[in-house]
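Values below: every heavy atom of this structure, side chains too, minus hydrogens, waters and symmetry copies.
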Amino acid sequence: MKIDRLIGILSILLQEDKTTAPVLAEKFEVSRRTINRDIEDLCKAGIPVRTVQGSGGGISIMDGYRMDRTILTSRDMQMILAGLRSLDSVSGNSYYGQLMEKIQTGSSEFISGRDSILIDLSSWYRDSLAPKIEILQSAIEARHLVRFQYYSPSGEGIRTVEPYYLVFRWSSWYLWGWCTDRQDYRLFKLNRMDQVSETEQEFVCRKAPMPDLSTEKIFPGGIKVKALFTPDMKWRLVEEFGPHCFTETDDGKLLFTADYTDMENLVTWLMTYGAKAEVLEPEEAREMIRRNAEETLKLYKED
C-alpha cells in the first residue's frame, strides 16, 4: 500500500543522513518514478525533504526535524509496547519500564483497544540471565571487551570476546562476537557463561557481519534418523518437530524421520523417551543407546 511505503520512506530518511532514489526503489520494489512521486507527496504533506542532483547528491531530510508520534497508528503503538514488554521481561533494570511510561504518557486516547500480544522472554533463568544481558549490553555500547568462563562440549575455559550482538534464537539467548582466542566470530550461549565481566579494554569496532542464524547454517543436518514412537508421544513430536514429522503405521505407532546434526544430542534426546521410542536408523545411535542403557542399569542394579 502507498501509505505504508510513504511511512517506510520517511522512517529511512529519519534514520539515515542520505539515501538515493535507486536504493529506495530497490528496497520497496517499485520504479524510480514512483519514488519521485512519493517524495513529492511527502513534501506536500509538510515534511521537509531535500533532494540534491549530481555526484554526491541524494535524498535527505532537514536537520532537526522530528517525527510526530501521531504518524504511527494505534496498532503500531500496540506492537511497539508489546516489543518493549518482551525486553522488559529479561531486563535487570527499570529502563524499558520507564520507556513504556514515556510512550504511554498522554497517549491514552491514541492507544486504543486492549493488549493482544504478551511475550515473556525470561524463561526459567531470568535471575541469572538478566545480569549477563545488562553487562553485555553495556559492553556492546561502550565497545569494551568482555571476559567469561565458558562451558562447551569440547571443554571449558576463559574466553575474551569483542561483543557485537545479543541474539534471542531457538528459545535461548546468545552473544555474537569476535573471539580473540579463536580469531573468528563465534556464537556463545548465555546459559553456558559464568563470571561474565566487562573489561576496561576498548576495541576497534570491526565491520562485523550479521550472524547467519538460519537453521541450515547452525544445524546443517547430515544424520538421517528413523525411529518408532508410541502413539501417546504424538503431542511431544508435534510440539518439537511439527505435525508432519511422522507417519502412522498400521499398528498405530509413529514413524519419525528427520535430519539431525549431532549424534550425542540425538541420543540424549531419544533417551528422554525411554521405552516409548525405538531407533531404527542409524545403527550407531542404536548402539550408543544400548550401551548407555546397560551402564545406567549397572548404577541401579541391586546388590
Side-chain angles (χ1 to χ4, degrees), residues 78-79 82-83 85-90 114-130 151-154 166-174 176 187-193 211-302:
Q78 292 286 1
M79 295 302 102
R85 277 192 296 271
S86 70
L87 291 172
D88 190 55
S89 68
V90 292
R114 55 172 299 194
D115 296 331
S116 58
I117 298 180
L118 301 175
I119 306 171
D120 190 335
L121 302 178
S122 60
S123 75
W124 295 102
Y125 308 101
R126 173 168 180 161
D127 291 343
S128 61
L129 277 175
Y151 299 86
S152 69
S154 59
L166 274 170
V167 180
F168 184 78
R169 188 79 159 102
W170 308 293
S171 302
S172 296
W173 284 94
Y174 297 84
W176 173 254
L187 201 61
F188 300 96
K189 196 170 187 176
L190 265 62
N191 280 343
R192 295 180 181 172
M193 294 181 183
D212 184 351
L213 301 176
S214 62
T215 302
E216 293 78 11
K217 176 67 175 180
I218 306 299
F219 305 109
I223 302 175
K224 303 294 183 181
V225 183
K226 281 188 179 181
L228 283 174
F229 292 81
T230 56
D232 57 331
M233 289 293 100
K234 181 183 292 187
W235 66 272
R236 188 171 162 191
L237 289 176
V238 170
E239 177 184 332
E240 296 178 344
F241 288 92
H244 305 297
C245 68
F246 61 84
T247 57
E248 295 193 27
T249 62
D250 293 339
D251 60 358
K253 289 187 177 181
L254 311 174
L255 178 60
F256 169 83
T257 57
D259 284 351
Y260 227 81
T261 302
D262 182 81
M263 185 64 71
E264 290 285 348
N265 286 337
L266 169 62
V267 169
T268 300
W269 173 68
L270 286 167
M271 291 191 69
T272 63
Y273 285 87
K276 295 181 179 294
E278 179 191 359
V279 185
L280 303 179
E281 298 177 8
E283 182 61 35
E284 181 183 352
R286 286 179 62 89
E287 178 62 20
M288 289 177 67
I289 290 175
R290 184 189 63 77
R291 289 200 307 268
N292 288 343
E294 290 176 350
E295 292 171 2
T296 302
L297 185 60
K298 291 177 183 178
L299 289 175
Y300 292 93
K301 187 175 181 180
E302 295 182 0

Value for CG (N191) from CE (M193), rounded to nearest 0.5 Å, stands at 9.5 Å

By salt bridge (Lys or Arg N to Asp or Glu O under 4.0 Å), E264 pairs with (sequence neighbours left out) none

Note to self: Does the plane of the ring in Y260 sit parallel, tilted or perpendicular to the ring in F241? Use 30° and 60° as the thresholds.
What the structure shows: tilted

For K224, the salt bridge (Lys or Arg N to Asp or Glu O under 4.0 Å) test, sequence neighbours excluded, returns D259

pair T247-T257: side-chain heavy atoms closer than 4.5 Å
no

Rounded to the nearest 0.5 Å, the OG1 atom of T272 sits from the CD atom of E240 at a distance of 6.5 Å

Atom pairs and distances, side-chain donor-acceptor, residues 274-283, under 3.5 Å, sequence neighbours left out:
from : atom 1 : to   : atom 2 : distance (Å)
K276 : NZ     : D232 : OD2    : 2.8

- Item | Residues E295, R291: salt bridge by 4.0 Å N-O rule | no

*Under a 4.0 Å N-O cut-off, is there an ion pair linking E287 with R290?*
yes

Shortest non-hydrogen pair, I289 vs M271, comes out as CG1-CG, 4.0 Å

- Query: Are the side chains of L255 and F246 in touch, meaning some heavy atoms are under 4.5 Å apart?
  - Reply: no

Across all chains, not counting sequence neighbours, the side chain to side chain contact (heavy atoms under 4.5 Å, CB included) partners of D250 are none

Sequence neighbours excluded, the answer for ring pair (Phe, Tyr, Trp, His ring centres under 6.0 Å) partners of Y273 is F229, W269

* Asked: Around E284, counting heavy atoms of other residues, nucleotides and ligands shown, do more than 12 lie under 6.0 Å from its CD?
  -> no

The reported gap from CG in L129 to CH2 in W173 (rounded to nearest 0.5 angstrom) is 8.5 Å

The reported gap from NZ in K234 to CG in L254 (rounded to nearest 0.5 angstrom) is 6.0 Å

Contacts of K189 meeting side chain to side chain donor-acceptor pair (under 3.5 Å) (sequence neighbours excluded), chain-then-number -> none

So CG of L270 and CG of N292: to nearest 0.5 Å the spacing works out to 11.0 Å

Closest non-hydrogen contact found for P211 with V167 is CG-CG2, 4.3 Å

Between P231 and G252 the two heavy atoms that sit nearest each other are CG-O, 3.1 Å

